[in-house]
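See below for the structure under consideration.
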Amino acid sequence: MKRIKLWDKEFEISLPFEEIQLAVRNMAVKMKSDLEGKEPLFICILNGAFIFASDLMRELELPDAEITFLKIASYSGMSSNGVSKELIGLNETISGRTVVILEDIIDSGQTVAGVIEQILKKGAKEVKVATLLFKPGALKADIVIDYFGIIIQNDFVVGYGLDYNRRGRNLKDIYTLVN
Ligand code: IMP
Ligand code: MG
């Protein structure tokens, strides 16, 4: 098994790129049929979702789709502190639109719950949530996840956009912390 070291921690490959790519393609197919004709606005939550969003958007055959980016800070080290802050606001008109939030991973769900609340306040017609990875065992917030790629255990993962203290985002595959 391929292992890597980031700072003081060791990680082992758990989701090879091919598996991720397949999950992303399946999400894109489902989104195409659900969102056709709705002129959806996709909101990529930075930093973690940048790679997922770029792969997903290129698989999505929806000529009327738009994408924008929102930066949130809510995670430091290896546990969510539950506080989310909007750092870069949205300039787009949200009112009356179908919005799809793109996340790398949903853990407690608090980050996404905060974003949903803000988007609804701005008058969105509907807000959907799409996440590449989902840890059902950690979910605390009362949210509906419309699209997810891969369900994982309650483990800490890095790669494909996800970091451990800023490192590991550029790994092509996803790795799990070795205890
Ligand atoms: P939540 O608010 O607890 O759902 O946390 C979501 C955010 O925490 C994600 O957008 C990630 O940035 C980060 N996060 C949660 N779990 C992991 C993980 O296993 N590895 C890296 N980042 C994570
Ligand atoms: Mg994130």
Side-chain angles (χ1 to χ4, degrees), residues 1-17 19-20 23-24 27 31 41-57 67-90 99-121 127-179:
M1 273 296 197
K2 200 169 153 194
R3 285 197 174 200
I4 50 131
K5 195 168 183 206
L6 298 173
W7 304 107
D8 55 328
K9 304 270 186 249
E10 278 219 71
F11 296 84
E12 192 172 77
I13 194 164
S14 52
L15 297 169
F17 176 69
E19 197 174 323
I20 301 167
V24 171
M27 292 176 87
M31 283 176 176
L41 173 64
F42 288 80
I43 299 179
C44 168
I45 309 300
L46 296 173
N47 297 323
F50 80 113
I51 292 182
F52 166 55
S54 66
D55 281 352
L56 177 80
M57 295 309 286
I67 184 161
T68 189
F69 303 86
L70 181 67
K71 187 155 179 159
I72 307 278
S74 70
Y75 214 78
S76 156
M78 293 199 299
S79 71
S80 183
N81 62 20
V83 183
S84 63
K85 285 186 281 185
E86 185 173 344
L87 301 183
I88 302 172
L90 290 170
V99 172
V100 184
I101 298 168
L102 300 180
E103 256 290 25
D104 48 1
I105 187 164
I106 292 182
D107 190 52
S108 72
Q110 269 154 349
T111 306
V112 157
V115 177
I116 295 171
E117 197 186 307
Q118 292 187 45
I119 306 285
L120 286 173
K121 255 191 230 158
V127 182
K128 291 179 182 283
V129 174
T131 184
L132 175 67
L133 303 179
F134 176 35
K135 289 182 191 173
L139 190 66
K140 285 191 217 125
D142 183 18
I143 52 165
V144 173
I145 299 168
D146 300 277
Y147 309 96
F148 61 85
I150 303 167
I151 285 186
I152 63 166
Q153 297 294 309
N154 220 346
D155 298 323
F156 188 79
V157 293
V158 293
Y160 198 76
L162 292 134
D163 73 310
Y164 167 48
N165 287 344
R166 307 176 307 283
R167 293 193 183 166
R169 293 196 196 277
N170 57 320
L171 292 163
K172 189 166 182 176
D173 311 290
I174 290 174
Y175 293 73
T176 299
L177 179 71
V178 179
N179 291 298

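Order of listing sets the numbers, starting from 1, for every ligand and every atom in it. The first residue of the sequence shown is numbered 1, and numbering continues consecutively from there.
The aromatic rings of Tyr164 and Phe156 sit perpendicular, their planes meeting at an angle over 60°, well past the 30° parallel limit.
In the candidate list Lys140, Lys135, Arg169, Lys135 is nearest to atom 19 (O) of ligand 1, counting heavy atoms.
Shown in contact with Asp163 at under 4.0 Å from a heavy atom are these atoms of ligand 1, numbered in order with element: 21 (C). Heavy-atom contacts of Ser108 reach the following atoms of ligand 1: 1 (P), 2 (O), 3 (O), 4 (O) (cutoff under 4.0 Å). Of all atoms in ligand 1, numbered sequentially from 1 with element shown, those under 4.0 Å from a heavy atom of Thr111 are 1 (P), 2 (O), 5 (O), 6 (C). Taking every non-hydrogen atom of Glu103 and a distance limit under 4.0 Å, the qualifying atoms of ligand 1 come out as 10 (O). The atoms of ligand 1 that sit less than 4.0 Å from any heavy atom of Leu162 are 21 (C), 22 (N). Atoms of ligand 1 lying under 4.0 Å from at least one heavy atom of Asp155, given by number and element, are 19 (O).
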Practice item. Please step through side-chain contact (heavy atoms from CB on, under 4.5 Å) for the pair Ile106 and Leu133, ending with a clear verdict. Key: CA-CA 6 Å; Ile106 292 182; Leu133 303 179; over 6 Å; no

Exercise for review: Would you sort out whether Cys44 and Leu70 count as a side-chain contact (heavy atoms from CB on, under 4.5 Å), showing the intermediate values?
Suggested key: CA-CA 6 Å; Cys44 168; Leu70 181 67; over 6 Å; no

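Here the CD-CD1 distance, from Glu103 to Ile45, works out to 5.5 Å after rounding to the nearest 0.5 Å. Rounding to the nearest 0.5 Å gives a distance of 7.0 Å between CG of Asp155 and NZ of Lys135. To the nearest 0.5 angstrom, Leu90 atom CG is 4.5 Å from Ile43 atom CD1.
Note: an N/O pair closer than 3.5 Å links Gly109 and ligand 1 by distance alone. Looking at Ile106 next to ligand 1, no N or O pair under 3.5 Å apart turns up.
Residue contacts with ligand 1 include Val157, since one of its heavy atoms falls under 4.0 Å from the ligand.
Checking Tyr160 against Asp55 by side-chain atom types alone, a donor-acceptor pair falls below 3.5 Å.
Ionic pairing of Glu10 and Lys5 is not present here: no N-O contact between side-chain nitrogen and carboxylate oxygen is shorter than 4.0 angstrom.
Under 4.0 Å from ligand 1, not a single heavy atom of Ile45 appears.
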